[in-house]
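Step one of this worksheet: look at the structure below.
Each chain gets a letter, A, B and so on, in the order its sequence line appears, and its residues count up from 1. Computation of the quantities below employed the complete heavy-atom set of this structure, encompassing side-chain atoms and omitting hydrogens, waters and symmetry-equivalent molecules.
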Amino acid sequence: MPELPEVETMCRCIRPAVGSRIRALKQPRSRLQPIKIAPRLSDFRRRVVGRKILSVTRLGKRVVVVLDAPESDQGDRIIFEPRMSGLVLLADPPSEEHVRLIFELSGKRVRQLLFWNRRGLGVVRLVSPRLLVRQLGPHILGPDALDVTPETLSERLGASRRAIKVALLDQRALAGIGNLYASEILHRAGIHPETPCNQLRPARWRKIHAAMQEVLEEAIRHQGSTLSDGTYRIARNRPGSFQVCHRVYQRAGEPCLQCGKAEIVRVVQAQRSTFFCPACQR
DNA sequence: CATATGTCCTGAGAGC
DNA sequence: TGCTCTCAGGACATAT
């Protein structure tokens, strides 16, 4: 978290910045460890100041801001990686001290683009189109979870011996799914998270695919999930609302909303919590 | 090659 | 009350 729905929501929220020019780039001084940026601030600044924001897109769990080019060919891209606790915002960050990078804009209504990150695991990169392909091309990042077909999904994961829950988190195989949505998707699909991928037949891959589209689209409509730690926000006082729709995530010990009988169980897979209903998921 | 594990980072909450 | 400890997990480096 933030996963695909939260990052998609961030992209939509910052899209009013399209058409603005970047006037300045600031890294607020802070008691905290600085986040990783590349290239170094001075080079980053030299390359973005004066550039116009042409578009905002999502690449898996990353926000991509496309800039115009000073000369003719294609411009640079700013890649925001929120990782665990990051947000890309136009205004109103949850706290001032965790604002890591400020792009001041020329817009009348949109004054700035902020990268906020509580834990500081996030990364911001400026890359040429060529470098973007090298660092985040199809050999690094699988097809987007919202674009993939059921056939491609089973082709990319079906031979793996790994548990389906673990495999769904592999961004090289499939981009956009994280720990929270992997559990929710498998619950809706009625599939046990520890099932090895290579034991799943085509009908079950279709179920996973359908559940994945359903959960992700519904989560986007709810503007993502804000968990008990409250980190994810659309703005300071605007949490997402998909958490009220969670059927298993962080519900260990509570009754399953589907069968009403079994209790939701928490297990650990690959050092991450997995939640599931032992009655509904087999 | 595929798969598994360790690391980064901060703040919240538990336990004493 | 204030200290120490554990935990959360996305992506990547390193190990098996």
Could you tell me whether [X] contacts a base, only the sugar-phosphate backbone, or nothing, with contacts defined as non-hydrogen atoms closer than 4.0 Å?
X	answer
Lys61(A)	sugar-phosphate
Arg156(A)	nothing
Tyr249(A)	sugar-phosphate
Arg31(A)	sugar-phosphate

Tell me whether the side-chain N/O atoms of [X] come closer than 4.0 Å to OP1 or OP2 in [N].
X	N	result
Arg266(A)	dA8(C)	yes
Ser273(A)	dA8(C)	yes
His98(A)	dC9(B)	no

Is the closest basic N to carboxylate O distance between [X] and [Y] below 4.0 Å?
X	Y	value
Glu194(A)	Lys165(A)	no
Glu81(A)	Arg62(A)	yes
Arg251(A)	Glu263(A)	no

Quiz item: Which comes earlier along DNA chain B counting from the 5' end, the contact point of Arg272(A) or that of Ser160(A), where each point is its nearest nucleotide?
Solution: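 The 5'-side residue here is Ser160(A).
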Quiz item: Between Arg118(A) and Arg83(A), which is nearer to the 5' end of DNA chain B once each is assigned its nearest nucleotide?
Solution: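 Nearest-nucleotide comparison on DNA chain B picks Arg83(A).
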Quiz item: Which listed nucleotide (dG11(B), dC12(C), dA8(C)) is nearest to the side chain of Arg125(A)?
Solution: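 The listed nucleotide nearest to Arg125(A)'s side chain is dC12(C).
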Quiz item: For the side chain of Asn179(A), counting heavy atoms from C-beta on, which of dC9(B), dA4(B), dG10(C) is nearest?
Solution: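 That would be dG10(C).
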Exercise. Quick one: which residue pairs count as a side chain to side chain donor-acceptor pair (under 3.5 Å) with a foot in residues 114-124 of chain A, not counting sequence neighbours?
Key: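 Side chain to side chain donor-acceptor pair (under 3.5 Å) check on residues 114-124 of chain A returns Ser85(A)-Asn117(A), Ser95(A)-Trp116(A), Arg118(A)-Asp229(A), Arg118(A)-Thr231(A).
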Self-check item: Separation of atom CD in Gln271(A) from atom C1' in dC12(C), rounded to whole Å
Solution: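 So the two atoms are 14 Å apart, to the nearest Å.
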Quiz item: Separation of Tyr232(A) atom OH from dG11(B) atom C1', in whole Å?
Solution: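 It works out to 20 Å between those atoms.
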